[in-house]
Structure formats: C-alpha cells, structure tokens
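Below, read A as the first sequence line, B as the second, and so on, with proteins coming before strands; counting in each chain starts at 1.
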There are 2 protein chains.
Amino acid sequence: MTNKTKVSFGPSIRRLPSYLHIIRNAQSGGETFISGTVIATELTLEPIQVRKDLAITGIIGKPKKGYPVDELVVAIERYLGWNREHKAIVVGAGNLGSALSGYQEFKNHGLNIIAAFDTDPSKVGQTIHGVPIYSLETLETQVPGLGVEIAILTVPSPFAASTCESIVKAGVKSIWNFTNIKLKVPEGITVWREDLSSGYAMLSVMMKIKHKSELETN
Amino acid sequence: MTNKTKVSFGPSIRRLPSYLHIIRNAQSGGETFISGTVIATELTLEPIQVRKDLAITGIIGKPKKGYPVDELVVAIERYLGWNREHKAIVVGAGNLGSALSGYQEFKNHGLNIIAAFDTDPSKVGQTIHGVPIYSLETLETQVPGLGVEIAILTVPSPFAASTCESIVKAGVKSIWNFTNIKLKVPEGITVWREDLSSGYAMLSVMMKIKHKSELETN
DNA sequence: TAGATTGTTAATCGATTAACAATC
DNA sequence: TAGATTGTTAATCGATTAACAATC
C-alpha cells in the first residue's frame, strides 16, 4: 500500500465533472430540477449509471422530477473539494503550462495558480495569463510557507524526475503530472498522471478497428 | 451501438504506451530481453498484469529471460498502429494546440500534424513548431483530399460543437477532443475525449481523502 | 540442475446493468 | 390518479489477481 491513496468510485468521480457541467447549464437555463435520464441522454450513458454516480454525493432525488439542481451543484462541488481554494504552481512554463494557467474552468473550481517556474531566463520575470514566472532554481526556497497544495508538472520528460524532487522538497503534497514519466515519490505525496499518450493509443486502436471493419464490409 | 466503436482491452491499451517507453529505454541501454517483473516494478503494477497486457500484442516471452526487446517494440507499435503515419490537423492554435504540435513523442509514433487552423487573423500565416496556421473558415475547403485522419480539437468550449461540424464536413474521421464538451457526431466518426477536468477531480478527491485521514490520525 | 519467469486456467474483485417496489 | 423517475437489491459483465504447470 506504500504510496497509494485508495480512492473508491474512481470511474464515478471521473464522470462527475461532466455531470456538473450539464447541471450548471440547466441551472443557467433556470431549471430547478434535472433527471438522471436527461443527463444520461446528453452524455450517452445509462440512466442507472448516472443515478448510482450521483448517489455518492449524498443528494436525494424526487421521483418523477429528478434532482434539485442547486443542491446538486453544491453537493458535487463539495464532494470534489471544488468548493474551496487550492493554491497551485505551474512547473514548466511552456505552452502546456501556459494553457492550463489560462483555463477559466479550473479557476472556477478552486484552482488558484499563484506562480509558474521555468529554467528559461528569458521567461523569468514575464507572466502567463497574469501568473508571474520565476526561476526554477528558486522553487525550493520560494514555495514553502505559501500554502501551495498542487504542483502542475509540465516540464519536458527528461527533467521530470529531478523537478519532481524539488517539488517534494518544497513541501508540495500533490502533483498533477503531465509528463510521460511515472514519478517515484515518498509516501504521503499524491500524484495524478495525465497520460496523453494513452489517449493517443486509444484513438489509434479505435481507428485501426474501424478501418478493419470497413475493409471487411466492402 | 450507434456511434460507438467497441474496443476490447481498453485499460490494457492505455497501459501499452508506458510499457513501450520503458522497453525503448531498455533497448537504448543495449538490453535484448526484458521481463514483465522489471516493467511491473518500474510502473508499480502487478507482474501478472503486465504479462496479460503484453499477451494481446501476440509476443511470446521466454521463461527465465523475459520478452525479446526488439520484437516487443515492433509488436506494440504495430498493435497501436504507431508504425504508420497518421496525418493530423490542429483545430484551435492556442497554447494547448501549440503544445501538442511540438510533442516529439507523438511525432515519433506516426502523428504528423500538417496544418493548424484558428480564427485569430493575427495567427493566420504564422507557424507553430513549423506547422502553418490557416484560417478556420478555410478548413472545410482545404482539408478534403489531403488524407487527414485525425483532427485535434483544442478550441475554447463554446466553439467546440460548431467546429466539430466543420471537421466532420471536411471528411476527417477521427477527433481527439480536448474540450470539456461531449461531441455529437454522426455514425462512423471516432472521438476520444481527453478530459482534463476528470483528472483534476481525481486529484482533488485524493487530496481530500488524504487530508481527512491525517485529521483522523492526529 | 535449480530457479526465475512464462502462459494458461481459475478465482476474485469491482463496476455496470437489470429488475422492481416506492413515490411524488 | 397514472406514470415517470427514484433508490435498492440482485445479476451480469469485465478486469484484475491468484495459482500453478511448463520451460528455458
């Protein structure tokens, strides 16, 4: 169990943001109730799956009407911890780091990026989306005490391991890892790897299968 | 079944790129065989899972020695369709699109981004990582006939649906969707959604759980 | 040879889906 | 009231893990 925080309902948790998005839209449209059926149709899921997923937030629906929209929004955000601020830093102020810094959606859900770090001297002193860029060398001295919870790791892969060490030394406990390296971290450090290669793999295989079935059909 | 290409072994396919990365490293290091146990240790997985996953590529290992590195690399790339070129376009030449255009790893695995499209007139005519940027308006006329297989969708969410329609009209059959919108596409179009929000959700919940257990412990 | 590692077959685990009574 | 939708309990499905004979 070393290093592994067990999370029950992984797949359910991953679907919640999509639900939240739809429910928020309904809220903006003035709806007060939304049914699991409607959400399911929107996302091409089974209604029973939506109901099961929403159950983990503790919200209770009304037969015939569905779930109370306002309560549901609050409950999902609470469940995800998106109702409070998470101070974060971007480590690697390249295009990807810059893109993530600018995502309004994350800001709306508590992600507060207060600084970025990079090795490129020409970037230091600049800002990306209003976020100041500091020298990566200063990370370990600057970050402790600022209450930074999350480090978003977007450095090139060869620097992932060493940069990760700096992040840990700086006392940041959670790492959102966008590199294709599996990080080795001490116990108590949470890592979520966003593996873009695995997405490309899925897309590639789906394409291959479709192509094959076309060949078979024709 | 409408719109849904069924892919068996989803989780296995998503792990293959990580295996490939490690096996390639072993290859560079001059190794000729690599065992499932070694790969598993590297990635904190069970050896049996690695063996099961590698089995789908058709490669047969040698007891005591492991799997032949060169053959394994070829077999994984073949299985993923990464042994051939996939022409692609980036739709939405912002930071994220720019980041993806520059990823050497994808280039090495057949992803050939031949053009980017954007609405911003100041971007049109420029290049990102050597990829020329054209006006989004010209997508439907320019792209057909070029043999583009993949559209990487990185426009802001409000434009996702309409841009998706253009992509489909242009005859591109696979979409790598980086927006937080569930796209509605005609049958025969493959979509893989890269859902960054779900990653943020997982990280957030893992943080919450860890925090709670710390409170309980102290 | 001895032992590490394989591939196969079976068991377990967890997630999805089905069935259905309860109810607004 | 009638019927759509809920929450619960059970069944199914698929993925992971275990056990173990085969073998280099």
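- Side-chain rings of Tyr200(B) and Phe106(A) approach one another, their centers coming within less than 6.0 Å.
- A cation-pi arrangement is absent between Lys52(B) and Phe9(B) under the rule of less than 6.0 angstrom and at most 45 degrees off the ring axis.
- Contact annotation: Tyr67(A) reaches the phosphate of dG7(D) (side-chain N/O to OP1 or OP2, under 4.0 Å).
- Near DNA chain D, defined here as any heavy-atom distance below 4.0 Å, the residues from residues 10-43 of chain B are Pro11(B), Arg15(B), listed numerically.
- Checked for salt-bridge contact, Arg78(A) and Glu71(A) miss the test: no charged N lies under 4.0 Å from a carboxylate O.
- We find that Glu149(B) and Arg84(B) are joined by a salt bridge, their nearest charged nitrogen and carboxylate oxygen being less than 4.0 Å apart.
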Per-nucleotide pairing state of DNA chain C [Watson-Crick or G-U, under 3.5 Å; [ ] pseudoknot-crossing; | other strand]: ..||||||||||||||||||||||

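- Lys62(A) has its NZ atom 8 Å from the P atom of dC24(C), to the nearest Å.
- Taking side-chain N and O atoms only, Arg51(B) has a distance below 4.0 Å to OP1 or OP2 of dT6(C).
- One interatomic measurement links the two molecules: CD of Gln49(A) to P of dT5(D), which rounds to 18 Å at whole-angstrom precision.
- When rounded to the nearest whole Å, the span between CG of Leu54(A) and C1' of dG7(D) equals 12 Å.
- When the shell of 6.0 Å around NZ of Lys107(A) is examined, it contains more than 12 heavy atoms from other residues, nucleotides or ligands.
- Among the atoms of the strands shown, only primed sugar atoms or phosphate atoms (P, OP1, OP2) are found under 4.0 Å from some heavy atom of Ile59(B).
- No donor-acceptor pair closer than 3.5 Å links the side chain of Asp195(B) to the backbone N or O of Gly199(B).
- For Lys52(A) against dT17(C), a side-chain-to-base donor-acceptor contact under 3.5 Å is present.
- Under a 3.5 Å cut-off, the side chain of Ser98(A) and the backbone N or O of Gly94(A) do not form any donor-acceptor pair.
- Proximity note for Glu46(A) (side chain, C-beta onward) versus dT17(D), dA18(C), dT6(C): the nearest is dA18(C).
- The interatomic distance linking Lys65(B) (NZ) with dC24(D) (P) rounds to 12 Å, in whole Å.
- Salt-bridge formation is detected for the pair Arg24(A)/Glu77(A): a Lys NZ or Arg NE/NH1/NH2 atom is positioned less than 4.0 Å from an Asp or Glu carboxylate oxygen.
- Atom CD1 in Ile56(B) sits about 14 Å away from atom P in dT8(C), given to the nearest Å.
- For Ile48(B), counting side-chain heavy atoms from C-beta on, the closest listed nucleotide (dA18(D), dT23(C), dT16(D)) is dA18(D).
- Per the geometry, CG belonging to Asp53(A) stands 13 Å off P belonging to dT6(D), to the nearest Å.
- Within the 4.0 angstrom heavy-atom criterion, base atoms lie near Lys64(B).
- Salt-bridge check for Glu165(B) with Lys184(B): failed, with every basic side-chain N at 4.0 Å or more from each acidic carboxylate O.
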